[in-house]
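Counting begins at 1 with the first residue of the sequence. All values below come from the heavy atoms of this structure, side chains included, with hydrogens, waters and symmetry mates left out.
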Amino acid sequence: MKIVITDLDHADQNMERDVFAKAGMEFDLLECKTEDDLINQIKGYNIALNQYAPFTKRVFDALPDLKQIIRYGVGVNNVDLAAAKEAGVQVCNVPDYGMHEVSDHAIALSLSVIRKVPKMDKAVHAGVWDFTVASPIRRFSETTVGVVGLGRIGRLYAKKMHDLGFNIVGYDKFYTPNAADGSDFIKAGTLDDVITQADIFALFCPVTDENYHMIDEAAISRMKDGVYMVNTARGGLIDEDALAVALKSGKVAGAALDTTEIEPLPEDSPLRALENCQLTPHMAWYSEDAALELKRKVAEEAVRFAKGESINWGLVQL
């Protein structure tokens with residue numbers, strides 16, 4: 001089978017090259033950005049390793065030789081899964097490569113925002129040696145963390161926060177905490193339970209038509225006064241204009257966001273001007289170890305498919 005990397009902003013492809021070489025396979029590297037780039041440049045290829053280039057119905061219709069797409073990452077927002085299924089194209093992702101990194105980053109953001117570390121660092125550098133600038137701060141054991149999305153990463157975050165002493169309430173449409181996998185420390189609730197009970201509200205779910213802007217003005221109005229919000233999932237889950245208003249008023253005491261609806265975050269976003277909004281550049285997944293694991297697993301999935309072996313993370317049932 002002919003293999004292509006449609007687009008990739010990584011520094012090198014050494015890991016992929018090693019994996020394919022051991023399997024006696026080669027690949028080509030392209031810089032596709034648009035539908036037209038894909039249509040014009042990857043005709044005849046059977047397996048596509050993909051980062052951002054959009055695979056739409058139009059693209060699938062134009063590429064009858066394509067049999068598999070493997071996404072560099074967890075999300076597949078740039079791939080039309082229904083069109084892929086119709087075209088008989090297997091779509092794969094790598095959902096487990098950065099589980100600890102994302103959960104750890106979410107914890108770092110959570111602790112930083114509730115302990116007000118950036119604010120106090122700035123105050124000390126400005127010559128203010130006064131802990132009351134951070135008031136109020138609550139004890140972990142008196143704080144409830146609300147987790148929306150109890151997949152691999154959400155459960156890891158919940159477990160680690162629980163081990164630090166926090167109380168955990170969680171909601172997931174497709175998962176119920178249970179003793180069998182050791183997640184019964186999570187108090188199961190409805191989405192509204194999490195919204196109304198959380199002192200720290202953390203998101204770990206994908207964006208769908210159903211939950212787009214699930215955290216809007218109405219949802220924020222039902223939250224506790226002085227709630228903290230953490231998002232390492234997808235920016236489209238939060239109405240950022242509503243969040244900015246709530247941060248200015250103090251309804252939301254602080255937010256820590258690794259993802260935003262438009263990335264990079266536009267220069268005119270009101271979130272940029274708010275000291276109680278911490279921002280990181282969609283880096284929760286990152287460690288050197290996770291980056292290499294992602295590259296290795298993407299290439300290994302392609303090799304398995306090319307050899308007719310069982311794949312690990314097929315998202316389309318053909």
(request) If a pair satisfies ring pair (Phe, Tyr, Trp, His ring centres under 6.0 Å) and one of its residues is in residues 32-64, list it, with sequence neighbours excluded. (result) Phe55-Phe60
(message) Taking NZ in Lys2 as the centre, count heavy atoms belonging to other residues, nucleotides or ligands within less than 6.0 Å. Is the count above 12?
(response) yes
(request) Among Ile238, Leu247, Ile200, Val113, find the one that has a side-chain contact (heavy atoms from CB on, under 4.5 Å) with Met229. (result) Ile238
(request) Establish, from distance only, whether the side-chain atoms of Tyr228 and Asn276 form a donor-acceptor pair under 3.5 Å. (result) no
(request) Output yes when a side-chain donor or acceptor of Glu300 lies under 3.5 Å from a complementary backbone atom of Val19, and no otherwise. (result) no
(message) Can you confirm whether more than 12 heavy atoms, excluding those of Glu210, are under 6.0 Å from its CD atom?
(response) no
(message) Any heavy-atom pair between the side chains of Ile39 and Thr34 that's under 4.5 Å?
(response) no
(message) side chain to side chain donor-acceptor pair (under 3.5 Å), that's the test. Do Thr144 and Gln197 meet it? Break it down for me.
(response) CA-CA 7 Å; Thr144 297; Gln197 294 177 22; over 6 Å; no
(request) Considering non-hydrogen atoms only, spot the tightest contact between Val89 and Leu66 and give its length. (result) CG2-O, 3.3 Å
(request) Hey, could you give me each pair passing salt bridge (Lys or Arg N to Asp or Glu O under 4.0 Å) that has a residue in residues 31-43? Not counting sequence neighbours. (result) Glu35-Arg58, Asp36-Arg58
(message) If the threshold is 4.0 Å, N to carboxylate O, is there a salt bridge linking Arg234 and Glu261?
(response) no
(request) May I have all residue pairs that pass ring pair (Phe, Tyr, Trp, His ring centres under 6.0 Å) and include part of residues 286-315, sequence neighbours excluded? (result) none
(message) Taking the side chain as everything from C-beta on, heavy atoms only, tell me whether Ile186 gets closer than 4.5 Å to Val147.
(response) no
(request) Please confirm whether Arg296 makes a cation-pi placement over Tyr97, using NZ or CZ under 6.0 Å from the six-membered ring centre and within 45° of the ring normal. (result) no
(request) Output yes when Lys224 and Asp199 qualify as a salt bridge under the 4.0 Å nitrogen-oxygen rule, no when they do not. (result) yes
(message) Filter on salt bridge (Lys or Arg N to Asp or Glu O under 4.0 Å), then keep only pairs touching residues 113-126, sequence neighbours left out; what's left?
(response) Lys122-Glu275
(message) To check you understand the geometry: which heavy-atom pair defines the closest contact between Asn211 and Cys205, and what is its length?
(response) ND2-SG, 4.3 Å
(message) Can you confirm whether Asn167 sits close enough to Thr143 that some side-chain heavy atom of one is under 4.5 Å from a side-chain heavy atom of the other?
(response) no
(message) To the nearest 0.5 Å, what is the distance between CG on Leu279 and CZ on Arg272?
(response) 7.5 Å
(request) Go through the structure and list residues passing side-chain hydrogen bond (donor to acceptor under 3.5 Å, both in side chains) with Asp96, not counting sequence neighbours. (result) Lys297
(request) Answer yes when Glu142 and Arg139 have at least one side-chain N-carboxylate O distance shorter than 4.0 Å, and no when they do not. (result) no
(request) Hey, could you give me the CG/CG distance between Asp65 and Asn46, rounded to the nearest 0.5 Å? (result) 6.0 Å
(message) Less than 4.5 Å apart, side chain to side chain, heavy atoms only: is that true for Val91 and Leu81?
(response) yes
(message) Please list all pairs meeting ring pair (Phe, Tyr, Trp, His ring centres under 6.0 Å) that have one or both residues in residues 120-149, counting only residues at least two apart or in different chains.
(response) Phe140-Phe166
Under 3.5 Å, sequence neighbours excluded: what are the donor-acceptor pairs made by side chains of residues 103-112?
residue, atom, partner, partner atom, Å
Ser103, OG, Met99, O, 3.0
Ser103, OG, His100, O, 3.1
Ser103, OG, Lys160, NZ, 2.9
Asp104, OD1, Lys160, NZ, 2.7
His105, NE2, Thr280, OG1, 3.1
Ser110, OG, Ala106, O, 2.7
Ser110, OG, Tyr157, OH, 2.9
Ser112, OG, Gln278, OE1, 3.0
Ser112, OG, Gln278, NE2, 3.2

(message) Quick check on side-chain contact (heavy atoms from CB on, under 4.5 Å): which of Val148, Thr190, Val194 does Val169 satisfy it with?
(response) Val194
(message) Using every non-hydrogen atom in the two residues, find where Leu318 and Gly88 come nearest and quote the distance to one decimal.
(response) CD1-O, 3.7 Å
(request) For residues 182-197, pull every pair meeting salt bridge (Lys or Arg N to Asp or Glu O under 4.0 Å), keeping only residues two or more places apart or in separate chains. (result) Asp192-Arg222
(request) Check the side chains of Asn50 and Asn78 for a donor-acceptor pair under 3.5 angstrom, ignoring hydrogens and angles. (result) yes
(request) Would you mind reporting whether Glu101 and Glu293 have side-chain heavy atoms less than 4.5 Å apart? (result) no
(request) Please name the pair of heavy atoms, one in Asp172 and one in Gly151, separated by the smallest distance, quoted to 0.1 Å. (result) OD2-N, 3.8 Å
(message) On a heavy-atom basis, which atom in Pro270 and which in Asp241 lie closest, and how many Å separate them?
(response) CG-OD1, 4.3 Å
(message) List the residues meeting ring-ring contact (aromatic ring centres under 6.0 Å, His included) with Tyr72, not counting sequence neighbours, and say none if there are none.
(response) His10
(request) Hey, could you give me each pair passing ring pair (Phe, Tyr, Trp, His ring centres under 6.0 Å) that has a residue in residues 11-40? Not counting sequence neighbours. (result) Phe20-Phe27
(request) Would you name the heavy atoms of Ala202 and Phe204 that are closest together and state the gap between them? (result) CB-CE1, 3.5 Å
(request) Compare all side-chain heavy atoms of Cys92 with those of Ile69 and state whether any distance is below 4.5 angstrom. (result) no
(request) Please check if atom NZ in Lys251 has more than 12 non-hydrogen atoms from other residues, nucleotides or ligands closer than 6.0 Å. (result) yes
(request) Using a 4.5 Å cut-off on heavy atoms from C-beta on, say whether the side chain of Thr6 contacts that of Gln51. (result) no
(message) According to salt bridge (Lys or Arg N to Asp or Glu O under 4.0 Å), who are the partners of Glu288, at least two apart in sequence or on a separate chain?
(response) none
(message) Per the salt bridge (Lys or Arg N to Asp or Glu O under 4.0 Å) rule, what does the pair list look like for residues 8-29, sequence neighbours excluded?
(response) Glu16-Lys295
(message) Within the structure provided, determine whether Ser287 and Trp285 are in side-chain contact (heavy-atom separation under 4.5 Å).
(response) no
